[in-house]
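Below is one structure, written out as structure tokens, with a few remarks after it.
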Amino acid sequence: MSQITLTFPDGATREVPQGTTARDVAESISKSLAKKAISAQVDGIHYDLAWPLEQDAKIAINTMADDAPALELIRHDFAHVMARAVQTIWPDVKVTIGPVRDHGWFYDFDREAPFTPEDLGAIEAEMKRIIAARDPVRTEVWDRERARKHYEEVGEPFKVELIDRIPGNEPIRMYWHGDWQDLCRGPHLSHTGQLPADAFKLTRVSSAYWLGDSTRPQLQRIYGIAFRNRDDLKAHLKFLEEAEARDHRRLGREMDLFHMQEEAPGQVFWHPNGWTIYTALQDYMRRKQRADGYMEVNTPQVVSRSLWEKSGHWDKYQEHMFIVEVDEEHAREKAINALKPMNCPCHVQVYNHGMKSYRDLPLRMAEFGSCSRYEPSGALHGIMRVRGFTQDDAHIFCTEDQIEAECAKFINFLASVYEDLGFDTFEIAFATRPEKRVGSDESWDHVENALESAIRSTSRTYRIEEGDGAFYGPKLDFYLTDAIGRTWQCGTFQVDPNLPERLGATYIGEDGEKHRPYMLHRACLGSFERFIGILIENSAGRLPFWLAPRQVVVASIVSEADEYVHEVVAALTKAGVRAEADTRNEKINYKVREHSVGKVPAILAIGRQEVEDRSVTLRRLGEKATEVLPLDEVVARLGAEGTPPDRR
RNA sequence: GCUGCUGUAGCUCAGAGGUAGAGCACUCCCUUGGUAAGGGAGAGGUCGAGAGUUCAAUUCUCUCCAGCAGCACCA
């Protein structure tokens, strides 16, 4: 047998016989390492300890201390152990796939009745039994036909299909956890006892389509989460609780921001408090955009089918549009219109009105455009995913040469806005041509190159998302991370050579000839509805002072103070602060609690003492401490705090 | 849109084949209280909509609508 050379992370090398396993290697290094070893990275690929090494390679032995591989193995083995537990309890259930995902895994089963939450307890108990049994994990590489036949015989049709989908050059790996067997590419731990029995939890049951395809059968899915130890699990459960407490739907009700109701599914009834946030944000964006060279327009909501036919939406987007038929008496045929799902076609109409010169470019046209999209019912979610919303939309008409500068300009604009709104960092994804697209490959080459060189010129880091572009052009998507680590795609910057073509947009160049402009679609917040949802969840309802709907409540302690309370409110209001009086016949404790629950950032308490001194006692939301201040000072201070960031 | 679950007072929820209950919120009264719920009384519901079974339906069945979770979707 020939020798192979292994290179360790520290650069040391070792000659071993071909077919040596990572476990052998670990043992040859030290007993303690062999004990701790769980898997190996071999030329960057995650290996079982039991896989034979066939050629020269760089190797690193993983232990439970290595975050990513340890968690991957734990979660992956949990998926198998769970599947085994399910088949132990219900032998008729067919297994499919069970990948690692997020903080755990899921496994899809083919079964008539869905699992119930009560079933989960039984499955968890069986899983613990399997872990306690410390069943060894064994692998065999099988011939494709043999594996296929085996699964046909044991009646696992989904596994047969999986085998057929495994590329021909890949080995078919069969795993055993004790006497339970599954098809899997691995890698796995050495025995089930390595799983932390106190650091997992089955979290939910649901259904999912086979292979994610809505035309294929629906399977019953069980989700689990797993960590290396109990504390990590607890920390994650706490995170879930935290996310739940931040839910914008709940805070929206508690803070009296908005409501939604059956008669208008997916549309928001904004209450005074919520609308205050909305307008404060919109006023801010309007000022920012003006300062950045945008002109604002406004275009119709109900637009004839004929324009949507020209723009291509009627073909490609019709199922998502609200169609409005108007049946006029004496009309030869019904007039068919659609609520606009996007603003772009209308913006081209404004652009087309009157001859444009190259001197007009780049022309930045913004609209707080109210759009309506018939989103599938299952997609609706609070104010985050709705059917009626307003975008902070703009289209930049420009020449190809201008794309780079406009891209850089927009990214700076976006960074400034996000920072003002409390998001210090964001990620950029460059999405390339999708399978379903319009335009020639040459044109895509061209535009993708232009956009990529634009993003490069900003020297910001970005990742590439292959095939994720819009059907008409490549795009940059901007993701922000919120206070508890979730990411949200908000901003977008899309290069579109097609719509100007379809809708006949032109400009007169220096040469006196007509040319086709490019159109850049861009948004910073995305939609006001969704972004406000994100702001609420990011801040857990404690919005920055300038956005808080009620910034100050002035609360009387005794009714003798009422008159002065109103005086204080008037002074604050005059300074531009959103202040309210609370002179109800309630104790100060009660008022403090109520306004704290309502997330009012500042409470001013007024008793006999304050009336006498012409002072106020300031209490900040969430703080126990209070501070006595002269009226003038508190007005100046809160007035300054309420100034939007772009005006400071 | 698909699968499952849910729909009872403004909110959170209990309940049962014989036309409904709690806490909070609301109104009124007492209380003027110094930083996260003072006390009492009162008012409030076509039990999501429609159809069916039944002597009787809010309760059982079916259809629809909406919400929730996941999937699919998200130019």
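Quantities reported herein were computed from a predicted structural model and do not represent experimental measurements. Residue numbers start from 1 in every chain, and the chains themselves are labelled A, B, ... in the order their sequence lines are given, proteins ahead of strands.
- Taking 4.5 Å as the limit, every side-chain heavy atom of A:V600 sits out of range of all side-chain heavy atoms of A:L621.
- Checked by atom type, the side-chain pair A:E610/A:T617 shows a donor-acceptor distance below 3.5 Å.
- Partners of A:H271 according to the ring-ring contact (aromatic ring centres under 6.0 Å, His included) rule, which considers only residues two or more places apart in sequence or in another chain, are A:H259.
- At least one side-chain nitrogen or oxygen of A:R249 sits closer than 4.0 Å to the OP1 or OP2 atom of B:rC68.
- If you take CD of A:E612 and P of B:rG34, they are 16 Å apart, rounded to a whole angstrom.
- Note: CD1 (A:I383) to P (B:rC68) measures 12 Å, nearest angstrom.
- Residue pairs meeting the salt bridge (charged side-chain N to carboxylate O under 4.0 Å, His left out) criterion with at least one partner in residues 549-569 of chain A, sequence neighbours excluded, are A:R550-A:E580, A:E560-A:R608, A:E567-A:R614.
- Regarding A:R373, its CZ atom lies at a distance of 8 Å from the P atom of B:rA75, rounded to whole Å.
- Regarding A:E465, its CD atom lies at a distance of 14 Å from the C1' atom of B:rA75, rounded to whole Å.
- Contact check, A:H259 against B:rG10: no side-chain N or O comes under 4.0 Å of OP1 or OP2.
- Checked against a 6.0 Å centroid threshold, the rings of A:F478 and A:Y418 do not count as neighbours.
- Annotation: side chain to side chain donor-acceptor pair (under 3.5 Å) contacts of A:S370 (sequence neighbours excluded): A:T390.
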When every nucleotide of nucleotides 35-48 of chain B is labelled 5' to 3' by its protein contacts under 4.0 Å (heavy atoms), B for base, S for sugar-phosphate only, - for none, what sequence of letters results? BBBS----------
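- Following rounding to the nearest Å, A:R387 (CZ) and B:rC73 (P) show an atom-to-atom distance of 17 Å.
- A donor-acceptor contact under 3.5 Å is not formed by the side chain of A:E375 with the base of B:rC74.
- Side-chain proximity of A:Y223 to B:rG70, B:rU3, B:rG1: nearest is B:rG70.
- A stem is defined here as three or more consecutive Watson-Crick or G-U pairs, each with both distances under 3.5 Å; for RNA chain B these stems are B:1-7 with B:65-71, B:10-13 with B:21-24, B:26-30 with B:38-42, B:48-52 with B:60-64.
- Mapping A:Y374 and A:A208 onto RNA chain B via the closest heavy atom, the residue that lands nearer the 5' end is A:Y374.
- Not one side-chain nitrogen or oxygen of A:S559 sits closer than 4.0 Å to the OP1 or OP2 atom of B:rU32.
- Residues from residues 299-321 of chain A placing a heavy atom under 4.0 Å of any atom in RNA chain B, listed by number, are A:K316, A:Y317, A:H320.
- Protein atom CD of A:E263 is 14 Å distant from nucleotide atom C1' of B:rG7, rounded to whole Å.
- Between A:F115 and A:W90, the distance from one ring center to the other falls under 6.0 angstrom.
- The side chain to side chain donor-acceptor pair (under 3.5 Å) pairs that include a residue from residues 339-348 of chain A are A:T299-A:K340, A:K340-A:N343, A:K340-A:E367, A:N343-A:Q391, A:N343-A:D393, A:H347-A:E367, A:H347-A:H395, where partners are two or more places apart or lie in different chains.
- Within the structure, salt bridge (charged side-chain N to carboxylate O under 4.0 Å, His left out) pairs that include any residue of residues 518-541 of chain A comprise A:R486-A:E537 (at least two apart or interchain).
- Of the candidates B:rC73, B:rG34, B:rC26, the closest approach to any side-chain atom of A:R584 belongs to B:rC26.
- For B:rU12 and B:rC68, the P atoms lie 12 Å apart once the distance is rounded to whole Å.
- A:S206 contributes no side-chain N or O that forms a donor-acceptor pair with the base of B:rU3 under 3.5 Å.
- Each side chain to side chain donor-acceptor pair (under 3.5 Å) pair with one or both residues in residues 92-102 of chain A, not counting sequence neighbours, would appear here, but there are none.
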Please report, to 0.1 Å, the donor-acceptor pairs under 3.5 Å made by any side chain of residues 315-324 of chain A, with sequence neighbours excluded.
from	atom 1	to	atom 2	distance (Å)
A:Y317	OH	A:R373	NE	3.4
A:Q318	NE2	A:W314	O	3.1

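- For B:rC2, neither phosphate oxygen OP1 nor OP2 lies less than 4.0 angstrom from any side-chain nitrogen or oxygen of A:R216.
- Applying the salt bridge (charged side-chain N to carboxylate O under 4.0 Å, His left out) test to pairs two or more places apart or on separate chains, those with a residue in residues 208-224 of chain A are A:D108-A:R221, A:E161-A:R216.
- A:Y107 is linked by a ring-ring contact (aromatic ring centres under 6.0 Å, His included) to A:F109, counting only residues two or more places apart in sequence or in another chain.
- The interatomic distance linking A:R221 (CZ) with B:rA72 (P) rounds to 7 Å, in whole Å.
- Scanning atom types as modelled, no donor and acceptor separated by under 3.5 angstrom connect the side chain of A:Y209 and the base of B:rG70.
- B:rA75 atom P lies 16 Å from atom CG of A:L499, rounded to whole Å.
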